[in-house]
Asks: 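Have a look at the structure that comes next, please.
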Amino acid sequence: MAHDIPHEQHFHDPANVTNPEHAEHHIVLPLEYSFVFGTLLLCTALTVFAATRDLGVFNPIVALAIACFKGVIVILFFMHVKYQSNLIKMTVGAGFFTFLVLITMTLSDYISRAWGLW
Amino acid sequence: MSDSTAIAHGTAEAHHEHPPYQRHHFETIAQQNDATNFAMWLFLLTEIMFFGGLFTAYLIYRNWYYPAFVQGSHQLQIGWGTANTAVLITSSFTMAMGVWSAEMRKKGALVLCLVLTFTLGLVFLGIKTIEYSEKIEKHHVPGFHYSVQSFVDPASDPEVYNEYHDKPLALDMARHTELYFFLYFAMTGMHALHMIIGIAILGFMIFRARAGAYTTGHVTFVENFGLYWHFVDIVWIFLFPLLYLINRHPLAH
Amino acid sequence: MSDTIVTLPDQSTARIPKMNYLTKENGLLSWLLTGDHKRIAILYLISISFFFFVGGSLAGLIRLELLTPQSDLMATDTYNKVFSMHGIIMVFFFLVPSVPATIGNFIIPMMIGAKDLALPKVNLLSWYLYVAAGILALYTMASGGVDTGWTFTTPLSTHYVNTHVLTTGMAVFIAGFSSIFTGLNFIVTIHKMRAPGMTWFRLPLFVWAHYAASILMVLGTPVLAIAIVLMALERTVGIGVFDPTKGGDPLLFQHLFWFYSHPAVYIMILPGMGVISEVISTFSRKRVFGYTAVAFSSVAIAVFGFFVWAHHMFIMGISNYAVLIFSLLTMLVAVPSAIKIFNWAFTLYKGSITFETPMLYAFGFMGLFTIGGMTGVFLGASGTDIHLTETYFIVAHFHFVMVGGMLMAFLSGIHFWWPKMTGRMYPEKISQLAAVVTFIGFNLTFFPQFILGTLGMPRRYASYPPEFQILNVFSTAGASVLGVGYLLPVLYLTWSLKYGEIAGNNPWQATGLEWQVQSPPLTENFPEIPIVDHEAYDYEWLERQKEKEVASVG
Ligand SMILES: [Cu+2]
């Protein structure tokens with residue numbers, strides 16, 4: 001590349017990197033971790049309790065809702081995603097999106113098989 | 001870093017100062033940290049999709065053979081399952097605290113947290129072993145020795161029967177409990193495999209942490225391992241309700 | 001319009017630069033332990049070429065067997081093994097890693113102005129996994145092979161065949177992880193390693209295409225892995241998950257397998273499309289028409305690619321409603337592919353076109369990929385699919401896409417970047433001949449198969465009714481021509497390593513950053529990290545650069 005900045009300045013120069021996706025390192029405090037930990041334990045108790053009640057069709061829905069909530073707070077706080085760049089947030093989203101595509105598109109076949117032929 | 005990726009320094013040598021843990025092809029340590037962190041997340045995406053295949057199989061067969069799945073799940077002890085969930089959540093908490101200790105450069109606290117996480121991981125596997133051996137005794141491991149006795153004749157299995165009073169399943173449906181147990185073993189087994197790998201890495205990390213490797217300001221390794229450990233935790237958070245809590249109140253009919 | 005844009009340095013004085021990535025270190029170990037993306041690319045190039053010729057020989061055996069209606073060259077079950085191993089080796093050991101692991105590995109860091117991929121060790125690990133998987137596949141082949149077809153179809157693979165399903169499955173499993181690591185590395189690199197000024201919309205389209213393909217590698221391949229694990233467990237311990245007698249569903253394997261293997265088609269073709277974008281632009285001296293549309297069409301292909309897989313299962317007994325939905329979605333995925341073809345055509349329009357070898361291959365790609373893609377519409381439409389599936393129409397269709405498309409793109413790219421990789425030019429005349437021979441041979445081989453398929457000749461049989469013989473003879477003759485077309489490059493490219501003309505930095509007058517540095521490049525690619533101040537394919541910028549250079553020399 002022909003431009004006239006002297007050679008030496010180019011080694012490990014912070015200006016040599018474009019990184020708009022960088023998020024400053026955020027240190028999550030123990031108190032925040034403790035709250036999350038407490039919530040997770042509470043949710044575990046809650047989901048076990050909910051399973052012993054007869055909620056009809058809502059049993060699996062409640063169980064999964066609680067599991068999703070637990071998963072989300074682990075991701076946001078224990079895994080620091082709340083303080084991460086949008087790139088990481090979108091990456092996590094893309095992962096779960098594709099996971100859901102696999103499940104829903106596959107189930108779309110299984111559910112509609114019983115509907116019979118035209 | 002092998003030398004072949006290092007830079008031909010030439011005259012630049014004098015200007016070539018960076019912390020020892022910075023790889024030569026990165027311009028800044030922030031760039032390196034961002035890159036490895038992002039790579040770890042992408043690796044976790046592959047893990048999500050890997051488990052995704054098992055979850056798909058689970059959902060299909062659970063819909064098809066619901067009664068078999070309910071009675072299969074009654075064979076799991078909710079006490080052990082809940083205890084293990086608590087153990088794993090606690091280990092996630094100690095791991096998160098470990099990341100914090102590394103960030104704050106507290107070597108003693110970091111080692112303590114890692115040892116606790118390591119121990120809790122072993123406790124989880126210990127409980128899992130107890131549960132597995134119970135299944136082996138009852139011939140509930142899918143394969144040639146699989147027995148449907150507990151499902152065609154629930155009263156023959158008084159421990160479970162006294163709690164749930166399950167109706168006998170028709171032989172046809174009872175045989176599908178084998179699918180439930182296969183999924184149980186495949187999903188928890190795959191999860192346990194990830195735990196074992198994690199525990200092995202933790203052992204390695206404890207040694208390195210005692211030597212002070214992670215408390216010099218370079219926390220990426222601890223942080224990225226933390227991501228892995230929490231991911232394994234999340235998998236369990238979903239496995240627990242799906243496998244243990246399908247229907248725990250006595251059937252109404 | 002000049003005949004050529006090739007500008008080489010004065011051959012009497014030009015030398016290959018003494019310091020470059022090839023001469024930096026010597027000895028076998030310096031290669032086997034390297035972290036340099038360029039060296040790993042060369043390692044990959046050698047290994048995948050080897051597997052290409054293994055797979056190609058198997059293809060030769062298939063065509064030879066099909067010369068006559070009876071199964072006379074080999075026993076029918078041997079034939080089953082030959083076509084299965086041909087598919088497995090070509091798909092997993094050639095097509096999937098072909099462009100990304102070789103050209104992509106070599107060029108992407110240079111295109112974005114980086115010193116290396118973000119994770120050099122993971123890159124090397126990926127090659128070792130590939131080699132391990134490859135050795136396992138060869139071992140399987142030597143010890144009897146597998147006869148399930150490359151799809152490992154259940155319940156055939158789990159209950160009926162007695163061949164080496166497990167070891168082959170393991171080989172594919174390991175090769176899958178090699179591909180995951182390549183894709184992961186590319187995504188991280190493209191996000192995190194770009195030089196200053198290299199914004200997303202200044203990236204060459206080659207990089208966009210690889211980015212999209214990498215997404216598919218990272219998100220799709222693990223599902224193949226779990227499908228293979230389940231298949232292996234079903235085969236060994238009889239877990240029942242794919243076994244109808246135990247309440248399982250063999251179609252679930254198909255769902256999981258094709259969830260990966262349809263996107264895998266795009267893993268194979270997208271990097272090829274990236275090559276074509278570079279080549280078409282360079283040899284028509286124009287910015288790619290509708291840069292943004294082409295860039296986003298890559299991503300759109302990747303995203304749509306996850307929604308269409310069940311079109312491989314229309315006749316397998318999935319629900320009619322699912323057929324309807326998947327058929328519709330399959331038609332949609334044709335749109336971004338068409339965007340690319342049209343935009344390339346518009347790039348050519350009023351361009352200063354020259355016909356160097358990479359460009360000839362690129363033209364081959366455009367024509368053959370279009371035919372391959374359009375016949376895909378016949379197969380995506382469920383009605384015609386019922387007639388055409390499992391016939392030679394399918395075989396012709398995906399060979400038009402994979403061989404006519406992808407292999408042409410691969411050869412185009414190899415010729416295009418050969419001067420950069422080796423510092424020497426390939427011989428132009430004979431390589432043009434090879435491109436033409438390949439094109440003719442290809443059409444002679446696979447076009448008759450469209451007709452055979454429409455007439456109803458089923459695939460995967462060693463024998464066929466005698467009335468199909470004439471077209472099969474054409475096809476086999478074409479395969480021989482094609483074989484010559486593929487052998488020629490090996491010979492003259494090897495020859496050129498020693499005797500080729502010195503290429504200089506930028507023989508094509510191309511705009512990519514990789515062309516602005518010496519050939520072969522330095523280990524760290526750039527003597528100084530470039531600062532990017534121009535759009536991709538900006539030929540006026542290149543002219544200004546040249547004027548500046550002349551001015552500073554004078
Ligand atoms: Cu497809």
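Chain naming here is simple, since letters A, B, ... match the order of the sequence lines and numbering starts at 1 in each. The model shown is predicted, which means the values in this text are computed figures rather than measured ones.
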Asks: Heavy-atom count check: over 12 atoms from other residues, nucleotides or ligands less than 6.0 Å from Phe97(A) CZ?
Replies: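 Not more than 12 within 6.0 Å, no.
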Asks: If you take all heavy atoms of Pro60(A) and Arg62(B), which pair is closest and at what distance?
Replies: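 In this case the closest contact between Pro60(A) and Arg62(B) is CB-NH2, 3.5 Å.
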Asks: Go through Val74(A), Leu55(A), Val81(A) and name the one with the most non-hydrogen pairs under 4.5 angstrom from chain B.
Replies: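 Between Val74(A), Leu55(A), Val81(A), the count favours Val74(A).
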Asks: Using the rule side-chain contact (heavy atoms from CB on, under 4.5 Å), only one of Ile66(A), Asn59(A), Thr47(A) pairs with Leu245(B); which is it?
Replies: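 That would be Thr47(A).
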Asks: Where on Leu107(A) is there a heavy atom nearer than 4.5 Å to chain B: the side chain, the backbone, both, or neither?
Replies: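 It is the side chain, since no backbone atom gets that close.
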Asks: Starting at CG of Leu87(A), measure out to CG of Asp34(B) and round the result to the nearest 0.5 Å.
Replies: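 Reported value, rounded in 0.5 Å steps: 8.5 Å.
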Asks: Rounded to the nearest 0.5 Å, how far does CG of Leu40(A) lie from CG of Asp233(B)?
Replies: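 Here the rounded value is 7.0 Å.
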Asks: Are there over 12 heavy-atom neighbours, none belonging to Lys89(A), within less than 6.0 Å of that residue's NZ?
Replies: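 Atom NZ in Lys89(A) is packed in, count exceeds 12.
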Asks: With a 4.5 Å limit on heavy-atom distance, are the side chains of Phe99(A) and Phe55(B) in contact?
Replies: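 Yes, side chains in contact.
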Asks: Roughly how far, to the nearest 0.5 Å, is CD1 of Ile234(B) from CD1 of Ile75(A)?
Replies: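 It is 4.0 Å, given to the nearest 0.5 Å.
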Asks: Does any backbone or side-chain atom of Thr90(B) lie under 4.5 Å from a heavy atom of chain A? Answer side chain, backbone, both or neither.
Replies: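 Both backbone and side chain.
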Asks: Less than 4.5 Å apart, side chain to side chain, heavy atoms only: is that true for Asn37(B) and Gln84(A)?
Replies: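 Yes, close enough: below the 4.5 Å cut-off.
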Asks: Give me the atom names and distance for the closest heavy-atom approach of Leu45(B) to Gly95(A).
Replies: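 For Leu45(B) versus Gly95(A), the nearest heavy atoms are CD2-CA, 3.5 Å.
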Asks: Checking heavy atoms, do the side chain of Cys43(A), its backbone, both or neither come under 4.5 Å from chain B?
Replies: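 It is neither, since no heavy atom gets under 4.5 Å.
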Asks: Quick one: which of Met49(B), His230(B), Glu223(B) has the most heavy-atom pairs under 4.5 Å with chain A, could you say?
Replies: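 Of the options given, most contacts go to His230(B).
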Asks: To the nearest 0.5 Å, what is the distance between CG on Leu41(A) and OG1 on Thr82(B)?
Replies: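 So the CG of Leu41(A) and the OG1 of Thr82(B) are separated by 11.5 Å.
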Asks: Heavy-atom pairs under 4.5 Å with chain A - which of Gly52(B), Ala96(B), Pro241(B), Ser92(B) has more of them than the others?
Replies: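 Max contact count across the listed options: Ala96(B).
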Asks: Using a 4.5 Å cut-off on heavy atoms from C-beta on, say whether the side chain of Ile88(A) contacts that of Phe38(B).
Replies: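 Result yes, sub-4.5 Å side-chain heavy-atom pair found.
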Asks: Would you say Leu64(A) and Leu242(B) make side-chain contact, with heavy atoms under 4.5 Å?
Replies: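 Answer yes - side chains close enough.
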Asks: Where does Val99(B) contact chain A at under 4.5 Å (heavy atoms): side chain, backbone, both or neither?
Replies: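 For Val99(B), the contact with chain A is made by the side chain alone.
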Asks: Counting only non-hydrogen atoms closer than 4.5 Å, does Met95(B) touch chain A with its backbone (N, CA, C, O), its side chain (CB onward), both, or neither?
Replies: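 Neither part.
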Asks: So which of Trp41(B), Phe240(B), Tyr244(B) has the largest heavy-atom pair count under 4.5 angstrom toward chain A?
Replies: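 With the most close heavy-atom pairs to chain A, the winner is Trp41(B).
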Asks: Apply the test side-chain contact (heavy atoms from CB on, under 4.5 Å) to residues Ile48(B) and Phe96(A): give CA-CA distance (whole Å), side-chain angles for both, the deciding distance (0.1 Å), then the verdict.
Replies: CA-CA 7 Å; Ile48(B) 294 178; Phe96(A) 284 101; 4.0 Å; yes
Asks: Which atoms of Val36(A) are under 4.5 Å from chain B, going by heavy atoms: the side chain, the backbone, both sets, or neither?
Replies: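 Looking at Val36(A), nothing touches chain B.
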Asks: Please report whether the ring centroid of Trp64(B) lies less than 6.0 Å from that of Tyr110(A).
Replies: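 Ring centres of Trp64(B) and Tyr110(A) closer than 6.0 Å.
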Asks: Could you have a look at Val219(B), Ile237(B), Leu44(B) and say which one has the most heavy-atom pairs with chain A under 4.5 angstrom?
Replies: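 That would be Ile237(B).
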Asks: Only heavy atoms, only distances under 4.5 angstrom. Which residues in residues 28-35 of chain A are near chain B?
Replies: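 Counting heavy atoms that sit under 4.5 Å from chain B, the residues of residues 28-35 of chain A involved are Val28(A), Leu29(A), Pro30(A), Tyr33(A), Ser34(A).
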Asks: How far apart are the C-alpha atoms of Met79(A) and Phe231(B), what are their side-chain angles, what is the distance that settles it, and do they pass the side-chain contact (heavy atoms from CB on, under 4.5 Å) test?
Replies: CA-CA 9 Å; Met79(A) 299 171 96; Phe231(B) 170 79; 4.2 Å; yes
Asks: Side-chain contact, heavy-atom cut-off 4.5 Å: His80(A) with Leu227(B)?
Replies: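 Answer no - side chains too far apart.
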Asks: When the ring planes of Phe93(B) and Phe37(A) are compared, do they come out parallel, tilted or perpendicular, using 30° and 60° as the limits?
Replies: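 Parallel, since the angle between the ring planes stays under 30°.
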